[in-house]
Amino acid sequence: MSSYKLLLLPGDGIGPEVMGEVKKVIAWFNVHGIAHFETETGLVGGAAYDAHGEAISDADMDLAQGSDAVIFGAVGGPRWDDVPYDKRPEAGLLRLRKDMALYANLRPAIVYPALADASSLKRPLVEGLDLLILRELTGGVYFGQPKEITDLGNGQKRAVDTQVYDTYEIDRIARIAFELARTRRNQVCSMEKHNVMKSGVLWKEVVIATHKDGFQDVQLSHMLADAGGMQLVRNPKQFDVIVTDNLFGDILSDVAAMLTGSLGMLPSASLGAADAKTGRRKALYEPVHGSAPDIAVKGLANPIAMIASFAMALRYSFGMVEWADKVDTAIAATLGKGFRTGDIMQAGMNQVGTAEMGDAVLAQLQAAG
Ligand code: NAD
């Protein structure tokens, strides 16, 4: 039986509540001898600041670096609004991404049949939707230098951000896109703006070159990012894997998120380079939502995004694709049986809290497993 090390970082607000439901799923896998997950728990965000005066301690960073996957809840809350900028809760997540060099952000947008009416688009447009946005996470305009505001001395200021990409950054994310597409419907759509941006010209050129380097079995198309945004709301089911840069990915993944209806349903993964010996990538899995202080400690949070994030870990870190599918199917079946947390509640359905939703998913998994 394979054995894996997980670092659990529940964080703040609803983070620990939704993490509690993933712990039940992890325990289930261990008890049934499907895999052995060894877990350690650390502090991140406001919880870490309260304990150590930092958004994540060096000791927890070491645990993260030594783990096979980090399972992250959520950070932040009004309690920490006034802490120094470099110690704010989000700094913990940013340090994890930076120090673990997590350059590929995967955000699936899946519309479960039972929730198709929760989307802002009409049911036929989104029912059965299953697309994956792959966003470059460590380069581009959010990090490029110079990045400054200068005083021009004439009552005017000038703000500069720099969009910069090197060949290797585009090549490595394109490779992940093609590899992921092979596990899905084998299509990649690359989005940039080569019509007005030099970084877009290079992006397209490198994606084409990488495609020729051993990925020609994957169907590759290109779209300008603005047209891509339009197509995402016009006909989202045309897409399988979308690969794009940091800025466009930030925007397009939020657009795709809303196709699915609720923040409480959206998982994500961030992957780094593959280890030369084991082939395993550094990885962090987290729900897209934040710490939801408005509903924290009330047992109201939807744990599905967190559980689905663990399913992504099974799929992308541990090669347990069949089990990842079973967890996803258990989520769909739970929704199909009418279980709803408050955020996705619909007339005539059975409103439950965090723990009941977690238990219901586990019961479906038990039935399937
Ligand atoms: P949020 O995602 O925490 O909440 C937005 C809304 O969605 C709220 O009404 C909340 O109740 C609801 N919601 C979110 N997740 C839910 C769930 N699982 N179940 C049910 N309802 C859910 O975003 P926000 O309110 O803008 O931010 C709150 C705090 O979280 C802030 O401190 C922010 O900085 C932080 N934040 C952290 C992350 C992260 O940890 N990755 C991401 C976004 C925001």
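These values consider heavy atoms only, across backbone and side chains, with no hydrogens, waters or symmetry-generated copies. We count ligands from 1, going down the list as the structure has it; atoms in each ligand are counted the same way.
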What is the nearest protein non-hydrogen atom to atom 17 (C) of ligand 1, stated with its residue, atom name and distance?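 The answer is Asn302 N, 3.7 Å.
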Just need the protein heavy atom nearest to atom 6 (C) of ligand 1, so name the residue and atom and give the distance.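 Checking every protein heavy atom, the shortest distance to atom 6 (C) of ligand 1 gives Leu263 CD1, 4.3 Å.
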Quick one: side-chain hydrogen bond (donor to acceptor under 3.5 Å, both in side chains) partners of Ser57, sequence neighbours excluded?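 Partners of Ser57 under the side-chain hydrogen bond (donor to acceptor under 3.5 Å, both in side chains) test: none.
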Checking contacts here: is it the side chain or the backbone of [X] that comes within 4.0 Å of ligand 1, counting heavy atoms only? Could be both or neither.
X: Ile14; result: side chain
X: Val18; result: neither
X: Met306; result: neither
X: Pro78; result: neither
X: Ile295; result: side chain
X: Asp294; result: side chain

Tell me whether Ser291 reaches ligand 1 (any heavy atom closer than 4.0 angstrom to a ligand atom).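 It does; at least one heavy atom falls under 4.0 Å.
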What do you reckon, does Thr341 put a non-hydrogen atom under 4.0 Å from ligand 1?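 Thr341 does not count as a contact of ligand 1 under the 4.0 Å cut-off.
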When you measure from the centre of the six-membered ring of Phe178, is the NZ or CZ of Arg175 under 6.0 Å away and within 45° of the axis?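 Cation-pi check for Arg175 and Phe178: fails.
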Donor-acceptor pairs are to be reported for all side-chain atoms of residues 125-138 against protein atoms at under 3.5 Å, with residues two or more places apart or in another chain.
{"unit_1": "Glu127", "atom_1": "OE2", "unit_2": "Arg123", "atom_2": "NH1", "d": "2.9"}
{"unit_1": "Asp130", "atom_1": "OD1", "unit_2": "Arg184", "atom_2": "NH1", "d": "3.4"}
{"unit_1": "Asp130", "atom_1": "OD1", "unit_2": "Arg184", "atom_2": "NH2", "d": "3.3"}
{"unit_1": "Arg135", "atom_1": "NE", "unit_2": "Asn246", "atom_2": "O", "d": "3.1"}
{"unit_1": "Arg135", "atom_1": "NE", "unit_2": "Asn246", "atom_2": "OD1", "d": "2.9"}
{"unit_1": "Arg135", "atom_1": "NH2", "unit_2": "Asn246", "atom_2": "OD1", "d": "2.8"}
{"unit_1": "Glu136", "atom_1": "OE1", "unit_2": "Thr138", "atom_2": "N", "d": "3.3"}
{"unit_1": "Glu136", "atom_1": "OE1", "unit_2": "Gly139", "atom_2": "N", "d": "2.7"}
{"unit_1": "Glu136", "atom_1": "OE1", "unit_2": "Tyr165", "atom_2": "OH", "d": "2.8"}
{"unit_1": "Glu136", "atom_1": "OE2", "unit_2": "Thr138", "atom_2": "N", "d": "3.3"}
{"unit_1": "Glu136", "atom_1": "OE2", "unit_2": "Thr138", "atom_2": "OG1", "d": "3.3"}
{"unit_1": "Glu136", "atom_1": "OE2", "unit_2": "Gly139", "atom_2": "N", "d": "3.3"}

With under 30° as parallel and over 60° as perpendicular, where do the rings of Phe37 and Phe318 fit, or are they tilted in between?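 Rings of Phe37 and Phe318: tilted, as their planes differ by 30° to 60°.
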Output yes when the distance from some N or O of ligand 1 to some N or O of Val75 is under 3.5 Å, and no in every other case.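 Indeed, backbone or side chain, Val75 has an N or O that close.
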Strictly less than 4.0 Å: does any protein heavy-atom distance to atom 2 (O) of ligand 1 fall in that range?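 For atom 2 (O) of ligand 1 the answer is yes, since some protein heavy atom falls inside 4.0 Å.
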